[in-house]
Amino acid sequence: MARRRTTTVNTETSGTTGKRNPILLAALALVVCAAGAAGWGGWQRYEASHDDAASFAQARDDALAAGEQAVQNMNTLDHKALEQGLDSWEQSTTGDLHRQLVDGRDDFARQIAETKTVSTAKVLSGAVTELDQRAGRAGVMVALRVTVTAPEGEPAVKESRLLGTLIRTAGGWKLSALGQAPVGSTAG
């Protein structure tokens with residue numbers, strides 16, 4: 001009879017009898033949490049940057065800021081800095097309004113130089129009344145206080161509401177039309 005040989009294999013390793021390293025587990029958990037937070041944050045940022053509402057709000061804010069500034073520019077003029085003021089008017093406008101200002105610049109400059117007036121405008125409030133991003137058109141209503149000072153006499157102060165039409169150009173939003181807002185009664 002042949003003898004069978006048997007060998008025993010020791011499967012125990014010294015010091016690791018079923019216990020895991022707690023520091024390694026904590027580090028692994030932190031890595032998983034950090035990866036999850038980074039992924040979630042990236043997704044939120046992607047959604048925000050591709051959100052039409054955010055894009056519309058930014059375009060509205062840009063149009064309003066440009067419209068308020070342009071209306072203020074168009075109502076501010078100092079006879080001592082006439083060329084600078086008229087340049088500001090032209091830089092704030094486009095289209096027919098711009099052509100009218102350029103064509104009438106010399107006559108207007110002569111009138112202001114003769115009267116020696118200074119007009120300053122302060123925007124009281126403003127709102128976008130319409131916005132068409134695709135067409136690059138916007139409407140604004142701006143309330144402002146204009147003070148006109150002549151060489152003699154007291155300054156005249158007038159508050160008014162103006163309606164402006166803006167066109168988006170390569171240089172930003174510019175006024176293409178400006179007029180007095182109608183004043184009416186809300187009583188029926």
Side-chain angles (χ1 to χ4, degrees), residues 48-187:
S49 68
H50 292 84
D51 184 8
D52 288 341
S55 171
F56 185 81
Q58 184 62 53
R60 181 195 62 225
D61 293 347
D62 292 346
L64 178 60
E68 287 177 342
Q69 185 63 57
V71 170
Q72 182 174 340
N73 291 350
M74 295 295 295
N75 286 276
T76 300
L77 193 60
D78 185 343
H79 72 92
K80 294 175 194 165
L82 192 55
E83 292 303 314
Q84 180 183 348
L86 293 174
D87 288 345
S88 175
W89 284 16
E90 290 179 15
Q91 292 165 2
S92 300
T93 59
T94 190
D96 289 339
L97 179 58
H98 181 77
R99 279 189 290 284
Q100 290 171 7
L101 292 173
V102 170
D103 292 346
R105 182 176 176 130
D106 293 338
D107 291 336
F108 194 75
R110 196 173 312 109
Q111 289 173 353
I112 296 300
E114 288 172 7
T115 60
K116 294 183 176 17
T117 57
V118 175
S119 62
T120 55
K122 178 183 179 195
V123 172
L124 302 174
S125 66
V128 172
T129 58
E130 63 177 301
L131 177 61
D132 184 343
Q133 284 182 279
R134 288 186 180 161
R137 293 181 53 87
V140 292
M141 179 183 282
V142 179
L144 62 133
R145 179 178 298 127
V146 179
T147 304
V148 178
T149 306
E152 297 176 11
E154 293 295 313
V157 179
K158 179 182 176 186
E159 291 184 0
S160 61
R161 293 181 307 166
L162 298 173
L163 290 174
T165 301
L166 298 167
I167 301 293
R168 187 176 48 231
T169 69
W173 291 99
K174 308 263 183 180
L175 274 175
S176 63
L178 183 64
Q180 199 71 31
V183 178
S185 172
T186 58

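Positions are given from 1, in the same order as the sequence printed here.
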- [ ] Could I get the full list of salt bridge (charged side-chain N to carboxylate O under 4.0 Å, His left out) partners for E154, not counting sequence neighbours?
- [x] none
Task: Set of residues satisfying side chain to side chain contact (heavy atoms under 4.5 Å, CB included) with respect to A135, sequence neighbours excluded - done: D132, R137
Task: Counterpart residues, side chain to side chain contact (heavy atoms under 4.5 Å, CB included), relative to A138 (two or more places apart) - done: A63, L131, L166, W173
Task: ring-ring contact (aromatic ring centres under 6.0 Å, His included) contacts touching residues 74-101 (sequence neighbours left out) - done: W89-F108
Open item on the list: Under the rule for side chain to side chain contact (heavy atoms under 4.5 Å, CB included), what residues qualify as partners of D78, not counting sequence neighbours?
Closed with: K80, V118
TODO: Mind listing the closest non-hydrogen atom pair of N75 and S119 along with its distance?
DONE: O-OG, 3.5 Å
- [ ] Please name all residues satisfying salt bridge (charged side-chain N to carboxylate O under 4.0 Å, His left out) with E130, sequence neighbours left out, ordered by chain then number.
- [x] none
Task: Heavy-atom closest contact (A121 atom, V146 atom, distance) - done: CB-CG2, 4.1 Å
Task: Contact summary for V123 and L144, nearest pair of heavy atoms - done: CA-CB, 4.1 Å
Open item on the list: Under a 3.5 Å distance rule, please check whether T165 uses its side chain to pair with a backbone N or O of S176 as donor and acceptor.
Closed with: no
Task: Nearest non-hydrogen partners of A177 and L97, listed with the distance - done: N-CD2, 4.0 Å
- [ ] Taking salt bridge (charged side-chain N to carboxylate O under 4.0 Å, His left out) as the test, write out the residues that go with R110, two or more places apart.
- [x] D107
TODO: Scan residues 120-164 for pairs that pass ring-ring contact (aromatic ring centres under 6.0 Å, His included), counting only residues two or more places apart or in two chains.
DONE: none
Task: Side-chain heavy-atom pair L86, L101 within 4.5 angstrom cut-off - done: no
- [ ] Check side chain to side chain contact (heavy atoms under 4.5 Å, CB included) between R161 and all other residues, then give those that pass, not counting sequence neighbours.
- [x] M141, A143, A181, V183
- [ ] Only counting residues at least two apart or in another chain, list the ones meeting salt bridge (charged side-chain N to carboxylate O under 4.0 Å, His left out) with E152.
- [x] none
TODO: Find the distance between CD (Q91) and CD (Q69) and round it off to the nearest 0.5 Å.
DONE: 11.0 Å
- [ ] Apply the side chain to side chain contact (heavy atoms under 4.5 Å, CB included) test between L175 and each candidate in T93, T94, L162; give the one that qualifies.
- [x] T93
Task: salt bridge (charged side-chain N to carboxylate O under 4.0 Å, His left out) pairs, two or more places apart, involving residues 93-106 - done: E83-R105, D87-R105, E90-R105, D96-R99
Open item on the list: Return the CD to CG distance between Q84 and L77, rounded to the nearest 0.5 Å.
Closed with: 10.0 Å
- [ ] Check T147 against P155 and note the closest heavy-atom contact, atom names and distance.
- [x] CG2-CB, 3.8 Å
- [ ] Scan for salt bridge (charged side-chain N to carboxylate O under 4.0 Å, His left out) pairs involving residues 168-182, sequence neighbours excluded, and state none if there are none.
- [x] none
- [ ] Could you tell me whether E159 atom CD has more than 12 heavy atoms of other residues or ligands within 6.0 Å of it?
- [x] yes
TODO: Could you pull out the closest heavy-atom pair between E68 and S125, with the gap in Å?
DONE: OE2-C, 4.0 Å
